[in-house]
Structure formats: C-alpha cells, structure tokens
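Step one of this worksheet: look at the structure below.
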Amino acid sequence: MTAKTEAPSNFIREIVKTDLAAGKHTRVMTRFPPEPNGYLHIGHAKSICLNFGIARDFNGVCNLRFDDTNPTKEEVEYVEAIKADVRWLGFDWEDREYYASNYFEQLYDFAVQLIRDGKAYVDSLSADEIRAHRGTLTEAGKNSPFRERSVEENLDLFARMRAGEFEDGTHVLRAKIDMAAPNINLRDPTLYRIRRVSHHRTGDAWCIYPMYDFAHGLSDSIEGVTHSICTLEFENNRPLYDWFLDNLPVASRPRQYEFARLNLSYTVMSKRKLLKLVQEGIVDGWDDPRMPTISGLRRRGFTPEAVRNFCERIGVAKRDSMVDIALLEYSLRDDLNDRAPRFMGVLNPLRVVIENYPEDQHEELEARNHPTDPGFGTRMVPFSRVLYIEQDDFREDPPKKFFRLAPGREVRLRYAYLITCTDVIKNDAGEVVELRCTYDPATRGGNAPDGRKVKSTIHWVAAAHAVDADVRLYDRLFSEADPETAGDGDFKACLNPKSLTRLKGCRIEPALAGVEPGAIVQFERLGYFCADSKDGTPEGPVFNRTVTLRDPWAKIDKQLKAKGIIG
RNA sequence: UGGGGGAUCGUCCAAUGGCAGGACUACGGACUCUGACUCCGUCAAUCCAGGUUCGAAUCCUGGUCCCUCAGCCA
C-alpha cells in the first residue's frame, strides 16, 4: 500500500484499533447498508470508503447489506445500480451480499420472543392516535389502551397480522419500553407494520415488514458485524439499537458509531432534493454529469481514485461541516494530471491564415502525449496554412498581463512554429472573424534558433484536418455555497443558469477521431474532458468537460472586467 | 421548554495535560513549449467567562451558539 492510498486515522479507526488491541474481536467486520430506494451519491462514497477502508486496513471484512425493509420505496433497479457504483469505486464485498429481507424469518422469531417476554405488544390504535399518545419533546407520552394485552392475545394477533387477516394500518407491533422516556425513540417504538405490498425480493411472502430500528441492529448481529458505522442523525437511535440487543438472545454484540455526513458546497445531497432535480427535468437524469451521484461523477469523467482520495482528504469526525467543492476539484485534477493524455482542441474557433505558408503544403509535427511521463509516447499533429485557434487567445486591444496573441505580437503554436499576427479581419458587425499571420520557418518545433522568447504558447488545430466535436461545459449546479439555506427554503432559487453550456462545431485534432466512450483526455490549457459514454456518434465524438485546469488568467480577466478596465 | 450530540485558520482534518500541525483556498515568488504541473514562501484558528495546574484546545464550573429527535421512512 502506497502512502497515497493509506487512509489517515480518525476517531472510528482509533476505536477499532483499541478494540482489537483489547482482544474484543478476532476480526473486525463492518457493513455498508444502503436502502435500495435511490442512487448512491458522494456522501455514500464517504461511508463506503470508511467502512471498506477500515475492513481493508485492519484485516477485516465489509459486507454489502441492502436495508430493504420498506418495499414501497425499493426496487431491483436500485440494487443493481448500487452494486455497480460500489464496484466502480473499487470495493469488493466478495460473497457477502446480504439483504435485511433475508432475515425476515429470524426477525419475526425475535419479535415473537419479545412478545413472550412481555416486551412487545400489538397496538390497535391508528397512526394518528399513536402520534397523539407519544407526547412531545417536553411532555411524556401516554400508554396505549392496548399496552397491557396478554401475551397470548399478542401472540395470536401478531400471528394473524402475518397471516394477512388485517388491513394495512389496523395494527402494529410495538416494543414495550417507556412512554415517558426523554428519548422519544424509546416511547414504545413500532417494530412491525402491515403493508400489503410486494417486496422486490420476497414477493408476497410477507405482508408485515420490520422497521429500521428493529431490523438494523439485529441484522448487524446476525452477520457478526463488530462496528456498525452510521451518520449522526442516528445518535438518538443508539439506545434503541442497544435495547434490542440487550433484550434478545443474540449471538454477537455489535456497537454503533456515528460520524458526520458529507455536505459539499454548491451542491445538494439529500435524496429528496436530487430526486426533485431529476423529476422536474432540471438535470438530465440521475447520471447527469452535474449530479453529485456516483453515476453522475462517473459520467462527468471522475475516476474512482479521485473520489477515494477526496474521501480520505476530508477526514471523518462528528461535527457538522461543509466541505469546499474546491477540495473535490483538487482531488480530481491531482489524479487526472497523472493519467490523462494530452491533446489539442479548440472550443471556440478563430480562423488563422498563415500567409507565408504555402497553400498546398502540410506537415506533421511531433507532440508529446504527456508533459512529464514519457510512457505516454508521442503522436503526429498535422499543420497547414489555415488553422484554428481559441477566440480567447486573441485580443485586438490586449490589456496588461494578457500574454497571448494580439496585432503585431508573436506567440508560439504549441509543438509547431512561432507566429506573428499581421492583420485582423472583421465582419460587418465589427467582430473579428479571421487573423492573418506569418510564421517563422526557422522555429519548427517551437524553438527559435536565435533564442528569442515569447510570452505565450497557445493551442491550435489545422483547419483541413480537424474533427468536429460537440462539447458540454459543466459548471457547479448552484450559484450559492449552501443552496439548502440560501434560497429561502427553495433550493432551486439559486440554481446556476450556466451550469451547462453546449458547444457545437468545436474542432479537435484528428488523433481523437475514433475516441472510445469514457476516454479521459486533457485538452491542453483548457481542462480535463471525457468522451461521453452515451451520446457519442459515428460522425463525431461528444466530450464532457470534467473540470477546468487551474486558470489564474481567468481570475485576472474577471477582475479587470469587474473594474471596467476592459469590456 | 425535554433528551442526545457538536464548537480549533476562510474550509476540512489533527494535536488524547507539554512548541496549536497538515491539506484545500487565497496571496506572493521560482520554473515552464499548457497562465497547467512542480517547487518555495506568506496570510490565517482553539466559542465566551471563571477555575484546577509549573503548564489547558484538552480537566472542572457556568454561559453562548449550532445540529438532531415527536414516521406505521431509513
């Protein structure tokens, strides 16, 4: 294991280490327990990296367990997507693919045991009545009139609940704990409810389903999980988690630990809000490259390593926090820099004619595919009289600190020649449509024999050889760091109107003509891009901008514009 | 107003009674055939008030602020 992939310690790892040192366990077992009711997002990635990472580093195992106790919201489509995402992230649960629904029979037996012990009862109050009896945060609840039913009656009723004799909502099984408990979770929590709904795995075998609190800890115990790691909002549930384990004859005794869930600036993470973005067509589906879902990140061009490294860098703690998305972008660039082959592509083409370059001539120039890793090899790039450069790389009236092409100025065309702008051609609207330039034949390859320097090297493509491509420029989805609170309750109020820019007629070098879907490249000086895995066509590829390069000039330019120095 | 948690650079995470440290961001510089990368540097924090101690981010007392819980969701 290299230093780069070694996860830093955190309070949960310290607990595991201490427990192991004390001989509490022979082998640590964790679990990642998603409910298959939606797609995984980068917050889940944090949990996955934590759970699988601990198992890996302490010679333990991590189970994948689907918490499928509520069939009304769950679908096989989600379990398949979740498995694909965990696998993509690089984690392996081997043969330990479990489902809470696998334990329905055992869970039922546990419930019967509680009834026999006088620790659970069938309540026939309505949901509204139960709520009314629960009390409030500051007032104790009241006992249900059904709380003192006999064991026999409870056994009979519960068996008939299972047998399907009752309508949904007519009865529930409740734990008999304490209606005056200051922790509301302990005020006789519901264990089972009647739901005549087909389950994606058990079909119609059951019409009663266990609640999360009842199922979760017992499932952990059945599997032999040692450290059950979940997010902070379950802290209040821990006494209940423990109550079931303390009151039932369980084979193993897991412990629950809670950490703070991930919040990322300029994005939303709740399933409800992500669903809304999808349903209202604000994004293009769960795998829209702007989504913080794993599938969205994948389509955007993230690598599993970038996501994992990010998850290590953010750490694990108990305080609520909001991680700056800049850290995610840093992790991304850090990884892509090492693995993306370089190419030249012009997003907004500006035609350049090299007046002293023969019309019928064309030559091939050698270019490195990676600036520091020779293993990437080289390629040949065609050069000819008519070229395209980036519109942003020319200013007729260059401001201070603008180093690129301008009238009378010389720059280098990457891997090619030094050129000087001699004339500017405009259309009737006064827009620059073409540049006339001259090249210095002595600078082939990019270096001047006389040693003269230029301030800038720009990218280009040969007009006749370039391939057309569509490019989608993705930006953050929201314009406010915290969309949850910024929009006055309406998180959609601060959507970034420029989160997607579609470009057509981009010109890329011919080496990219048959690029494979999903391929990752860097367009030099612009950013990292990936060939879209869905929308590429035989006529031309479609690229998604994964992330820009760091761009100090963009910052300067913005400041200049803000000051009104330039238009 | 009950219970359960949490407060450390702008952000995230460390420091487990002994020099408040790292990363990101920002800013400055070096290098550069990518205004990238890399390298160097700078700015920058212990919620407040008391107390214990030779010594407190850490322990004690009192406050303040934030999160969380009243699903037959997870």
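Chain letters run A, B, ... following the sequence lines, proteins first, then strands; residues in each count from 1. Every heavy atom of this structure was used, including side-chain atoms; hydrogens, water molecules and symmetry mates were not.
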Return yes if the base of B/rG35 and the side-chain atoms of A/Arg404 contain a donor-acceptor N/O pair under 3.5 Å, otherwise no.
->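 It does, because a donor-acceptor pair links the side chain of A/Arg404 to the base of B/rG35 below 3.5 Å.
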Less than 3.5 Å between a donor and an acceptor, one on the side chain of A/Arg550 and one on the base of B/rU34, is that the case here?
-> no
Using a strict 4.0 Å threshold on nitrogen-to-oxygen distance, state whether [X] and [Y] make a salt bridge.
| X | Y | value |
| --- | --- | --- |
| A/Glu366 | A/Arg379 | no |
| A/Glu129 | A/Lys142 | no |
| A/Arg550 | A/Glu329 | no |
| A/Glu410 | A/Arg452 | yes |

Phosphate oxygens OP1/OP2 of [N]: is one of them under 4.0 Å from a side-chain N or O of [X]?
| X | N | answer |
| --- | --- | --- |
| A/Arg134 | B/rC72 | yes |
| A/Lys555 | B/rC27 | yes |
| A/Ser331 | B/rC24 | no |
| A/Ser265 | B/rU11 | no |
| A/Arg193 | B/rA74 | yes |
| A/Thr190 | B/rC72 | yes |

Measure centre to centre between the rings of [X] and [Y], then say whether the value is under 6.0 Å.
| X | Y | result |
| --- | --- | --- |
| A/Tyr266 | A/Phe478 | no |
| A/Tyr528 | A/Phe523 | no |
| A/Phe244 | A/Phe214 | yes |
| A/His199 | A/Phe104 | yes |

What is the glycosidic conformation of B/rG28: syn, defined as within 90° of 0, or anti?
-> anti
Nucleotide opposite B/rA57 in a Watson-Crick or G-U pair, distances under 3.5 Å |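 When the pairing criteria are applied, nothing turns out to pair with B/rA57, so the answer is none.
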Under a 3.5 Å cut-off for both distances, is B/rA7 Watson-Crick or wobble paired, and to whom?
->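 Per the H-bond distance test, B/rU64.
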Please work out if A/Ala317 contacts a base, only the sugar-phosphate, or nothing of the nucleic acid, heavy-atom cut-off 4.0 Å.
->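 Result for A/Ala317 = sugar-phosphate.
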Which part of the nucleic acid does A/Ile458 contact within heavy-atom distance under 4.0 Å: base, sugar-phosphate only, or nothing?
->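 Here A/Ile458 touches no strand at all.
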Could you check which of B/rC73, B/rG35, B/rC67 has an atom nearest any side-chain atom of A/Lys73?
->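 Among the listed nucleotides, the one closest to the side chain of A/Lys73 is B/rC73.
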Provide the distance between the two [atom1] atoms, one in [N] and one in [M], to the nearest whole Å.
| N | M | atom1 | value |
| --- | --- | --- | --- |
| B/rA20 | B/rU8 | C1' | 8 Å |
| B/rG10 | B/rU58 | C1' | 25 Å |
| B/rC37 | B/rA74 | C1' | 44 Å |
| B/rC47 | B/rC9 | P | 7 Å |

Whole-Å distance between B/rC12 P and A/Arg261 CZ?
-> 16 Å
Sub-4.0 Å heavy-atom contacts from residues 231-238 of chain A onto RNA chain B, ordered by number =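 Heavy-atom contacts with RNA chain B come from A/Phe234, A/Glu235, A/Asn236, A/Asn237.
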